[in-house]
2 protein chains.
Amino acid sequence: MKTARPKPEPPDRIDRDAYQPAYAQLADILRGQVARGRFLPGDRLPSEAELCRTYQVSPMTVRRAVNILADQDVVRTVQGLGTFVKPLQLGAAAFQLRELQDLFSDPDQVRVKLLDVRMVPAGQGAAAELGLSPGDKAIFIRRLLLVREEPAFYHREYLVYDPGRPVVEAEMEVTSLRGLFSGAGDGLIKGGRLTVEAVLLDEEALGLLAGGPGPAAGLRLEHVFYDFDDRPVSWGWFLCRSDRLRLSTRVGYERAGSGRPGLKRGS
Amino acid sequence: MKTARPKPEPPDRIDRDAYQPAYAQLADILRGQVARGRFLPGDRLPSEAELCRTYQVSPMTVRRAVNILADQDVVRTVQGLGTFVKPLQLGAAAFQLRELQDLFSDPDQVRVKLLDVRMVPAGQGAAAELGLSPGDKAIFIRRLLLVREEPAFYHREYLVYDPGRPVVEAEMEVTSLRGLFSGAGDGLIKGGRLTVEAVLLDEEALGLLAGGPGPAAGLRLEHVFYDFDDRPVSWGWFLCRSDRLRLSTRVGYERAGSGRPGLKRGS
DNA sequence: TAGTGGTCTAGACCACTTA
DNA sequence: AAGTGGTCTAGACCACTAG
């Protein structure tokens with residue numbers, strides 16, 4: 001199956017009246033040339049001074065365009081030598097949780113069913129992750145997340161119980177959970193750690209997630225969150241059937257300017 | 001368990017003689033202030049003009065520092081309004097395959113054992129992914145990747161067989177596979193698509209990966225690669241036991257300048 | 001209208017690499 | 001020494017938001 005591909009070959013010059021700023025246009029032009037194979041991995045790009053002359057822009061503008069490509073791992077710059085096209089690196093691949101975020105950003109699709117909230121003595125895991133002594137009080141929450149009324153995620157979470165900290169109450173978000181994914185997060189959490197791994201779903205999860213009887217694999221997304229004093233606030237994990245969550249990404253050079261979706265501001 | 005944390009409170013001024021450039025220092029200062037809670041999510045940062053005066057740098061330098069924070073999703077800039085601290089967004093989390101890359105970058109640790117190479121008629125999946133007709137010839141490869149002589153990954157791959165394309169031969173890398181992960185990749189592959197999902201390991205994989213008898217969960221890393229003419233070249237997947245590969249990441253604000261590990265050049 | 005960020009200029013000086 | 005990228009200046013003009 002060999003078909004001749006039409007190559008539009010864009011004009012490759014800066015349009016000063018365009019909506020896109022000059023540095024972004026130049027970055028797209030160069031990225032396109034790399035993607036079309038005009039510059040192959042290992043090749044040196046024209047020097048920045050040369051690019052200034054070719055595209056009639058100032059050094060700073062060329063600079064910014066090259067910086068963008070460097071940030072996107074398309075090229076590598078070496079002082080005194082030049083700018084070189086980087087080879088494909090599988091290890092540079094980054095999987096986003098965007099699907100989750102998109103899901104939660106539509107409040108009509110997702111409903112959170114609270115299964116259980118109670119005070120428990122912290123077990124081994126919770127004590128270690130939350131910096132408690134085994135037996136200290138913790139709040140235990142079990143939730144079921146329904147997507148279009150179908151069970152999708154099973155969530156278990158332990159929250160530090162400390163009357164001196166209003167954090168916990170505010171952070172519980174018992175009914176929504178949405179803030180965490182789509183932002184807002186009311187600003188009491190400073191950061192956290194996330195881990196994804198494959199697990200064998202246990203009986204409880206299988207029952208809740210409407211899986212068949214037999215053994216089934218699932219993804220486990222574990223999380224620990226910290227407040228602004230670097231004290232752990234919550235530890236827990238989401239379980240889902242493997243067909244409900246899949247992480248995917250692209251590597252390599254693409255034509256569009258959307259090499260990485262997270263570039264709000266220029267460089 | 002509440003302990004008083006010592007807060008070093010760095011000097012928060014630019015050291016012109018430091019190794020780090022001014023824009024990076026300023027970015028670290030501002031990130032630190034956000035991380036310490038001086039600016040909370042939703043707060044507005046001082047205007048760029050004010051930052052110029054406070055830290056005695058030019059507008060472009062402030063600009064670059066703010067751009068870095070925007071790229072790292074620490075702040076959001078709104079024209080005409082100001083720069084604001086972003087709340088935590090779980091969906092923005094990105095999982096890297098860095099562990100894999102690190103693994104493969106040490107050639108002493110990894111050995112590839114070739115289990116099988118032969119020509120086969122493409123099946124349903126291979127035909128669809130590689131743009132072939134079912135029954136077209138494809139090269140089928142099975143590999144076992146050993147880490148410190150212990151089986152870690154089982155790899156199955158289908159390569160397009162086309163005598164007119166030398167790509168395949170060069171890309172097979174029958175014995176190493178290393179190029180793909182650590183770079184080099186000899187420049188014949190333009191890009192690809194990667195997907196991670198949880199699966200139940202089958203008998204064959206269980207046997208090869210030295211798992212126990214019972215059912216076990218594993219991660220499946222599927223890949224499709226394209227050449228510079230956008231033609232699919234290879235389709236396949238890696239299987240590993242869940243305890244061999246785990247994706248983890250951090251979200252939120254950190255003190256160090258290593259918010260994202262991929263920032264070679266300034267902005 | 002005043003203040004904000006967004007873009008861009010036309011240089012300067014420095015550090016580095018290669019020859 | 002010549003050429004490269006790395007940083008930085010001191011402004012300019014524009015688009016946008018608010019009161």
Side-chain angles (χ1 to χ4, degrees), chain A residues 13-30 39 42-86 257 263-267, chain B residues 13-30 39 42-86 257 263-267:
Chain A
R13 54 190 176 75
I14 310 285
D15 175 8
R16 317 305 297 215
D17 301 328
Y19 175 72
Q20 250 190 335
Y23 69 87
Q25 290 185 53
L26 181 52
D28 285 348
I29 288 172
L30 294 175
F39 302 115
D43 284 1
R44 216 203 69 186
L45 253 50
S47 80
E48 304 196 350
E50 200 171 333
L51 291 175
C52 288
R53 290 192 296 276
T54 306
Y55 296 100
Q56 291 295 302
V57 287
S58 80
M60 276 299 293
T61 303
V62 168
R63 225 61 214 296
R64 202 164 172 183
V66 173
N67 275 341
I68 290 175
L69 297 187
D71 279 358
Q72 295 176 348
D73 279 335
V74 174
V75 301
R76 185 174 66 104
T77 60
V78 184
Q79 202 176 80
L81 273 182
T83 302
F84 302 87
V85 178
K86 283 185 76 167
L263 289 186
K264 262 71 48 189
R265 256 180 86 160
S267 106
Chain B
R13 54 189 177 73
I14 310 286
D15 175 9
R16 315 306 296 217
D17 300 329
Y19 175 72
Q20 248 190 338
Y23 69 88
Q25 291 185 53
L26 181 51
D28 284 348
I29 288 172
L30 294 175
F39 302 115
D43 284 0
R44 216 203 70 184
L45 254 52
S47 79
E48 304 196 349
E50 201 171 330
L51 291 174
C52 287
R53 291 192 296 273
T54 306
Y55 296 100
Q56 291 294 303
V57 289
S58 79
M60 276 300 292
T61 304
V62 169
R63 223 55 209 298
R64 202 164 173 182
V66 173
N67 276 341
I68 290 175
L69 297 188
D71 279 358
Q72 294 176 349
D73 279 335
V74 174
V75 300
R76 183 175 67 103
T77 59
V78 183
Q79 204 176 82
L81 274 182
T83 302
F84 301 87
V85 178
K86 282 184 76 168
L263 288 186
K264 264 70 50 187
R265 254 179 87 161
S267 105

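Atom set for the values below is all heavy atoms of this structure, side chains included, hydrogens, waters and symmetry mates excluded. Sequence lines set the chain letters: A, B, ... in the order given, protein chains first and strands last, and positions in each chain run from 1.
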Rounded to the nearest Å, what distance is computed from the [atom1] atom of residue [X] to the [atom2] atom of nucleotide [N]?
X	N	atom1	atom2	value
B:I14	D:dC8	CD1	C1'	12 Å
B:F84	C:dG3	CZ	C1'	12 Å
A:R44	C:dC16	CZ	C1'	14 Å
A:Y23	C:dT9	OH	P	13 Å
A:D17	D:dC14	CG	P	13 Å
B:Y19	C:dA15	OH	C1'	10 Å
B:D43	C:dT4	CG	P	16 Å
A:I68	C:dG6	CD1	P	14 Å

Here DNA chain D, pairs taken as Watson-Crick or G-U under 3.5 Å and shown with ( ), [ ] when crossing and | when to another strand, reads ||||||||||||||||||.
Sub-3.5 Å pairs of nitrogen or oxygen atoms, protein against nucleotides 16-19 of chain D:
{"from": "D:dC16", "atom 1": "O4'", "to": "B:Q79", "atom 2": "OE1", "distance (Å)": "2.9"}

How long is the straight-line distance from [atom2] of [Y] back to [atom1] of [X], given to the nearest 0.5 Å?
X	Y	atom1	atom2	result
A:T83	A:L30	OG1	CG	9.5 Å
B:Y23	B:I68	OH	CD1	5.5 Å
A:D28	A:L69	CG	CG	8.5 Å

Can you check whether [X] has a side-chain N or O nearer than 4.0 Å to OP1 or OP2 of [N]?
X	N	result
B:S58	D:dG11	no
B:T61	D:dT9	yes
A:T83	D:dT4	no
B:S47	C:dT4	yes

*Could you work out which one of C:dG5, D:dG6, C:dC8 sits closest to the side chain of B:E48?*
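It is C:dG5.
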Worksheet item: Between C:dG6, D:dC8, D:dA10, which one does the side chain of B:T77 approach most closely?
Response: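 Minimum distance to the B:T77 side chain belongs to C:dG6.
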* Residue whose closest nucleotide on DNA chain D lies nearer the 5' end, B:M60 versus A:L45 ->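 So the residue in question is A:L45.
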Taking every non-hydrogen atom, the tightest pair across A:L81 and A:R44
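Answer, listing the atom of A:L81 first, then A:R44: O-CD, 3.6 Å.
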Q | Smallest separation among heavy atoms of A:R13 and A:Q25, with atom names | A |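 What the structure gives for the nearest pair is O-OE1, 4.1 Å.
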Subject >> B:E50 vs B:P59, nearer the 5' end of DNA chain C by closest nucleotide >> reply: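 The residue whose closest nucleotide sits nearer the 5' end is B:E50.
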Side chain to side chain contact (heavy atoms under 4.5 Å, CB included) partners of [X], counting only residues at least two apart:
X	result
B:P59	B:C52
B:S58	B:M60, B:T61
B:T54	B:E50
B:Q79	none

**Prompt:** Are any side-chain N or O atoms of B:E48 and backbone N or O atoms of B:V62, one a donor and one an acceptor, separated by less than 3.5 Å?
**Reply:**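 Looks like no, no N/O pair under 3.5 Å.
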